[in-house]
Amino acid sequence: MNISINKKTHSSSLSKVFRGGLRSKNPSLNMSAHYQRSWNGSGVVRGVYAGLLVLLLPVFFPNLFSPLSHASPSIFSEWNAPKPRHLPLLQGALERETYNEQKSDLWTPLADQGYKPCIVPSRASVLPKQSEGYIQVFLDGGLNQQRMGICDAVAVAKILNATLVIPYLEVNPVWQDSSSFTEIFDVDHFIDVLKDEISIVKELPKGYSWSTREYYATAIRATRIKTAPVHASANWYLENVLPVMQSYGIAAIAPFSHRLAFDNMSMDIQRLRCKVNFEALAFVPHVKALGDALVSRLRYPSRKSSAMNAEYLEEITNKNEIQRAGKFVVLHLRFDKDMAAHSACDFGGGKAEKLALAKYRQVIWQGRVLNSRFTDEELRNQGRCPLTPEEIGLLLASLGFDNSTRLYLASHKVYGGEARISTLRKLFPLMEDKKSLASSEERAKIKGKASLLAAVDYYVSMHSDIFISASPGNMHNALVGHRTFENLKTIRPNMALLGQLFLNKSMEWSEFQQAIREGHKNRQGQIRLKKEKQSIYTYPAPDCMCRD
């Protein structure tokens, strides 16, 4: 039945619903009594309820509509994730065959590269009888940026002959995580490992208890140094911070991230930084215990379901079972909303997605991060676009990982949610994460705490056979350096090559696969010596690694 209802009449009918009247004398609504009762009793009422539901959704579920929400995707910009953008390649990847020889090459550990960890100081370290004063640092950023800041803080304390106060971790402005140093790292282990290098206190004595974050936030203070340049030299600290400590007995540096140079430092200071990063910074016991449980369940899948009923998986001691341990890859899928917005790249969501990301970029960074002057094609050719879950899946498949590969997903919220990850899951159905491997009871201590969630992922990553990150970033850099130090296999995606290959829409799977393998032969953990201005935490050789 065709029924014509003009907008004015329809609006009038709806207004009468709210006044309690459903009947209309309008001749344009000339319907049978039966149909009118049906319309009034079901269609309009359902429409009214639906309208009320839409009006009330933002009240009861504000996160769905908030551009600043990290806990849930935006209902308008993220639930309608685009379809796969590389369908011919995806089809080839789904039909791929992997031979035993390829598998063997993939999983073979790195050969000895002629370097070994070397963090012992050149001469015996002797603590001075008297400290010059207390040094405080206030660290912002995420877990891995703070980790590097802690290493630098120890080095600065050594340079100044100061007593280090356990670093203060600022509340993360993006993830709103207020976890403290002692909630993430084993503070007693930290102090014990460094006891011969510097003096460390958990808190200030009463005479200096006024020196707090709140104290420095309310006014300009003589004991706060806020002018430390990025990559400052050792001499800068001796000239600008030491006098403050000698005058007041304390100096507080905020901000502190990236405030110590990587070059022109003594060998002992460089080795001390590596000692902090690779030995002194150990996670708290419950993070390590959960990490061990996840690693065991990845290596022994048959024990997963029964083990999840206990608090943590029991230690495996049977030699035969140890020999049957499976291998797994950790994929750091760095594709959150911040990454997508910051990059200014096009991810296939059309005009609506572009507008949503531009709005998010403006709200979060308030104009400090502008829309790129480059086109999407130019950004991809330069390797400046983060890989989507689909693209990192195609990379892994072309390298020879098949659908029997156990993949652990280390990431926070993925932009687009499960709809974005679905293509990656098709390629690697044995994909796991913290939620699938551990019970809610086991995850209770880290729930809602981004730094602890990242700490668990870091721990699992360090125990994996292979690590790969979808895009460069602080976690990628930290793990590349740490795994280099331990001589562990780590695949570094060739971002420029991948960007160019994905722009070629006519490329067949075999051609794509060959180009990927050629372009990643020397990107699987081979040691790269640190160059000028590069981070010692990403490139620990040669400063913190010696020739065998």
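Quick note: residue numbers are just sequence positions, from 1. Only a predicted model underlies this, so the values are computations on that prediction, with no experimental measurement involved.
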J.: Would you check if Trp107 and Ile466 make a side-chain contact, meaning some heavy-atom pair closer than 4.5 Å?
T.: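 With C-beta onward as the side chain, the pair touches.
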J.: Is there a side-chain contact (heavy atoms from CB on, under 4.5 Å) between Ile200 and Thr163? Walk through the geometry before answering.
T.: CA-CA 6 Å; Ile200 304 174; Thr163 297; over 6 Å; no
J.: For Phe467 and His332, take the angle between the two ring planes, folded into 0 to 90°, and tell me which bin it lands in: parallel under 30, tilted 30 to 60, perpendicular over 60.
T.: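 Plane angle under 30°, so parallel.
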J.: Has Arg221 got its NZ or CZ under 6.0 Å from the middle of the six-membered ring of Tyr215, at an angle within 45 degrees of the ring axis?
T.: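 Yes - Arg221 lies over the ring of Tyr215, closer than 6.0 Å to its centre and within 45° of its axis.
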J.: So, for Gly519 and Leu497, which heavy atoms are closest and what is the spacing to 0.1 Å?
T.: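 Smallest heavy-atom distance, with atoms named: CA-CD2, 3.8 Å.
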J.: What orientation do Phe485 and His482 show, parallel under 30°, tilted 30 to 60°, or perpendicular over 60°?
T.: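 Ring orientation of Phe485 relative to His482: perpendicular.
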J.: Checking side-chain polar atoms at under 3.5 Å, does Tyr360 have a donor or acceptor matched by the opposite partner on Asp338?
T.: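 Indeed, the side chains of Tyr360 and Asp338 share at least one donor-acceptor pair under 3.5 Å.
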J.: Can you confirm whether Leu395 sits close enough to Glu391 that some side-chain heavy atom of one is under 4.5 Å from a side-chain heavy atom of the other?
T.: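 Leu395 does not reach Glu391 side chain to side chain.
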J.: Are any of the side-chain heavy atoms of Lys434 and Leu453 separated by less than 4.5 Å?
T.: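 A side-chain contact exists here, since the closest heavy-atom pair is under 4.5 Å.
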J.: So which heavy atom on Ser257 is nearest to which on Asp140, and how close?
T.: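 What the structure gives for the nearest pair is OG-OD1, 2.7 Å.
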J.: Applying side-chain contact (heavy atoms from CB on, under 4.5 Å) to Arg523 and His520, what does each step give before you reach the verdict?
T.: CA-CA 5 Å; Arg523 303 180 69 90; His520 288 82; 4.2 Å; yes
J.: Are more than 12 heavy atoms, taken from residues, nucleotides or ligands other than Asn264, located less than 6.0 Å from that residue's CG atom?
T.: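 For Asn264, atom CG is not crowded (no more than 12 foreign heavy atoms under 6.0 Å).
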J.: Less than 3.5 Å apart, any donor N or O on the side chain of Asp292 or Tyr459 sitting next to an acceptor on the other?
T.: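 Result is yes, a qualifying pair exists.
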J.: For the residue pair Tyr408 and Asp457, confirm or rule out a side-chain donor-acceptor distance under 3.5 Å.
T.: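 Yes, a side-chain donor-acceptor pair sits under 3.5 Å.
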J.: Classify the side-chain pair Ser464/Arg483 by whether it contains a donor and acceptor separated by less than 3.5 Å.
T.: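 Yes, Arg483 and Ser464 have a side-chain donor paired with an acceptor closer than 3.5 Å.
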J.: Any salt bridge (Lys or Arg N to Asp or Glu O under 4.0 Å) pairs touching residues 169-185, not counting sequence neighbours?
T.: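 Every pair satisfying salt bridge (Lys or Arg N to Asp or Glu O under 4.0 Å) with a residue in residues 169-185: Glu170-Arg213.
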J.: Are side-chain N/O atoms of Thr490 and Gln524 paired as donor and acceptor at under 3.5 Å?
T.: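 Side-chain D/A pair, Thr490 to Gln524: absent.
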J.: Begin from the C-alpha positions of Asp336 and Ser411 and carry the test side-chain contact (heavy atoms from CB on, under 4.5 Å) through to its verdict.
T.: CA-CA 8 Å; Asp336 54 41; Ser411 66; over 6 Å; no
J.: Between Arg406 and Lys327, is any pair of side-chain heavy atoms under 4.5 Å apart?
T.: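 Arg406 vs Lys327: side chains apart.
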J.: Evaluate the criterion salt bridge (charged side-chain N to carboxylate O under 4.0 Å, His left out) for residue pair Asp263 and Lys530; output intermediate values, then yes/no.
T.: CA-CA 10 Å; Asp263 303 313; Lys530 176 186 171 300; 2.7 Å; yes
J.: I'd like to know if Cys274 pairs up with Cys544 as a disulfide, counting it only when the SG to SG distance is below 2.5 Å.
T.: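 Cys274 pairs with Cys544 as a disulfide (SG atoms under 2.5 Å apart), so yes.
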J.: Mind checking what makes side-chain hydrogen bond (donor to acceptor under 3.5 Å, both in side chains) contact with Arg299, not counting sequence neighbours?
T.: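 Per chain and number, Arg299 pairs via side-chain hydrogen bond (donor to acceptor under 3.5 Å, both in side chains) with Asp465.
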J.: Test Leu164 against Val154 for side-chain contact (heavy atoms from CB on, under 4.5 Å), laying out the working first.
T.: CA-CA 7 Å; Leu164 177 68; Val154 171; 3.8 Å; yes
J.: Among pairs that include at least one residue of residues 186-198, which meet salt bridge (Lys or Arg N to Asp or Glu O under 4.0 Å), considering only residues two or more places apart or in two chains?
T.: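 Checked against salt bridge (Lys or Arg N to Asp or Glu O under 4.0 Å) - neighbours excluded - the pairs reaching residues 186-198 are Lys158-Glu197, Asp188-Lys202, Asp192-Lys195, Glu197-Lys275.
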J.: Show your reasoning for whether salt bridge (charged side-chain N to carboxylate O under 4.0 Å, His left out) applies to Arg273 and Asp543.
T.: CA-CA 10 Å; Arg273 293 163 96 171; Asp543 297 62; over 6 Å; no
J.: Determine whether more than 12 heavy atoms belonging to other residues, nucleotides or ligands lie under 6.0 Å from atom OH of Tyr248.
T.: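 Check fails, neighbour count at 12 or below.
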J.: Return the CG to CD distance between Leu281 and Gln146, rounded to the nearest 0.5 Å.
T.: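 It comes to 11.5 Å.
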J.: Under the disulfide bond (SG atoms under 2.5 Å apart) test, which residues partner Cys118, sequence neighbours left out?
T.: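 Residues passing disulfide bond (SG atoms under 2.5 Å apart) with Cys118: Cys546.
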J.: Within this structure, what is the CG-CZ distance for the pair Leu139 and Arg259, rounded to the nearest 0.5 Å?
T.: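 The distance works out to 11.0 Å.
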J.: Report the residues that fulfil side-chain hydrogen bond (donor to acceptor under 3.5 Å, both in side chains) with Asp433, sequence neighbours left out, ordered by chain and then residue number.
T.: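 Asp433: side-chain hydrogen bond (donor to acceptor under 3.5 Å, both in side chains) contacts with Ser436.
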J.: For residues Leu298 and Val460, determine if any side-chain heavy atom of one lies less than 4.5 Å from a side-chain heavy atom of the other.
T.: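 Touching, per the 4.5 Å side-chain cut-off.
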J.: Using side chain to side chain donor-acceptor pair (under 3.5 Å) as the criterion, point out the one residue from Asp152, Asn277, Asn474 that pairs with Tyr537.
T.: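 When side chain to side chain donor-acceptor pair (under 3.5 Å) is applied between Tyr537 and each of Asp152, Asn277, Asn474, only Asp152 qualifies.
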J.: Among pairs that include at least one residue of residues 222-233, which meet side-chain hydrogen bond (donor to acceptor under 3.5 Å, both in side chains), considering only residues two or more places apart or in two chains?
T.: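 Sorted pair list: Tyr216-Thr223.
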J.: Verify whether the ring centers belonging to Phe190 and Phe181 lie closer than 6.0 Å.
T.: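 For Phe190 and Phe181, the ring centres are under 6.0 Å apart.
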J.: Compare all side-chain heavy atoms of His342 with those of Met339 and state whether any distance is below 4.5 angstrom.
T.: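 No - every pair of side-chain heavy atoms lies 4.5 Å or more apart.
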J.: Taking the ring centre of each residue, are Tyr208 and Tyr134 less than 6.0 Å apart?
T.: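 Yes - the distance between ring centres of Tyr208 and Tyr134 falls below the 6.0 Å cut-off.
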J.: Assess the pair Phe256 and Phe138: is the distance between their ring centroids shorter than 6.0 Å?
T.: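 Between Phe138 and Phe256, which both carry aromatic rings, the centre distance is not below 6.0 Å.
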